[in-house]
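Heads up: the structure comes next, in C-alpha cells.
For ligands, and for the atoms within them, numbers begin at 1 and follow the listed sequence. When reading the values below, keep in mind they use all heavy atoms of this one structure, side chains included, and skip hydrogens, waters and symmetry mates.
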Amino acid sequence: MLEENTLNVLIESREDQGNGVAVLRIVSRDGSGLPGFDAGAHIDVRINQDLVRQYSLSNAPSGSAAADHYRIGVLNDPQSRGGSAALFADFHQGKEIQISAPRNHFEVASGTGTAILVAGGIGVTPIISMAHELENTGCDFEIHYCLNALNTGAFVEELKADFASQLKIHCSVDKKFDPSEAFSNRNEHAHVYVCGPSGFMDWVIEAAKERGISDQRIHFEYFNAEVDLAGDSIEVYCSDSDKTVMVGADESIANALSNAGIRVDVSCEQGVCGTCITDVLEGIPDHRDQFLTDEEKDDNDQMALCCSRAKSPKLVIEI
Ligand code: FES
C-alpha cells in the first residue's frame, strides 16, 4: 500500500454472519465521502505494520461520485497466511484503520451481452457489486453462487432479496454448478466473471474456454495463489537505482531488492494484486503471477517482482 494513497478510516459497524464471515462497513473518520468506485474494485487493508491484504468492495458501486461507505466481507480462514484471521479477530466496530483508495482490475466490460457471474464462497463479494452495476445499467445477467452446503454462504439472504430472478445457488453435494448449462450455446457477446478459491476459479475458467467462451470474455480476479519461487540465482540490474543485485536460488526478487535497500512496493506477495509490477528492459521473465494477462506475459516487458523469476541469467528492470 503506497503511503500517499492511504486513507484513514473507521469501522462503523461489523456484522458476523455466523458462517465465519465478518462484514465490515467502513466510513471516513470525519464524515466526508470516500473516493468513488466501480464494480469489481478492491481496497488494500493494513492489518498491521507488516501485513496488507486486499478485499473486494461488496456494496453497490458509486461510480465517479463519492461513496458514503465501503463494505467488505472477511472470511475467518484457518488456511490463510494470517491476514484474514488477524483481521477477523481484531477488527471491530469503532476501530480506526488504514486502507488504500479503491483500485480495479476486475471491471465489468462495457456493452456486453449476458453477464454470467460465478462466485465460489467468499468470492461472492465483488460479484454482488457487479450485480448492482449491471442492474443499474439495464444489462442482462445471472448469478451462480457455489457453496459447500445450500444457503450457508455469506450474503445469501441479501442476494435472494435483491436478485431473486437472477440468482442460482449451487452446492457441492446436490444442485452442483453445471458448466455446460451455464456456458454452452451462449452467443458471442456473453461474458463470464468468476471469483473464488484458486482451484475453483481454474476449473471454471477452463470449463468456460472448453465451451467456446473466448479468453477476452472471461474475467477473473485471484485473491490467493500458491507461490513457487524455485529456481537458480538471478542477476538483476536495477536501472533507476543503478545497482546490481544477486537474487538467491528460491528467493523472491522483491525480497532481494529490499535487502539491498531498493524500495519495492508489495502487497499480496502472491502475484495476484499487481502492486509490484515493474517494467523489464532486458532479459526474459519467468512469469509466475496470476495478475498479468497471457498477452502481457508474452510481451515480457513487465513482471511481478514478488513471485516471478527469470528464464535468462540476467534481468534489467526499471526500478
Ligand atoms: S505484491 Fe501483489 S502481485 Fe506482487
For L10, does its backbone N or O pair with a side-chain atom of R29 as donor and acceptor, under 3.5 Å?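 Absent.
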Indicate yes or no for a side-chain donor-acceptor contact from T278 to the backbone of M303 under 3.5 Å, with no hydrogens or angles considered.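 No; judged by distance alone, with no hydrogens or angles, the pair does not exist.
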Between D232 and R309, does any NZ, NE, NH1 or NH2 come within less than 4.0 Å of an OD or OE carboxylate oxygen?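 The answer is no: the pair does not qualify as a salt bridge.
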Salt bridge flag under 4.0 Å for residues R217 and D215: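 Salt bridge between R217 and D215, a charged N being under 4.0 Å from a carboxylate O: no.
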Closest approach of N300 and P285, non-hydrogen atoms and distance?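 What the structure gives for the nearest pair is OD1-CD, 3.6 Å.
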Heavy-atom pair of closest approach, residues F183 and F177: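 F183 and F177 have their closest heavy atoms at CZ-CZ, 3.9 Å.
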What protein N/O/S atoms sit under 2.8 Å from atom 2 (Fe) of ligand 1, by chain and number?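 N, O, S partners closer than 2.8 Å: C268 SG, C273 SG.
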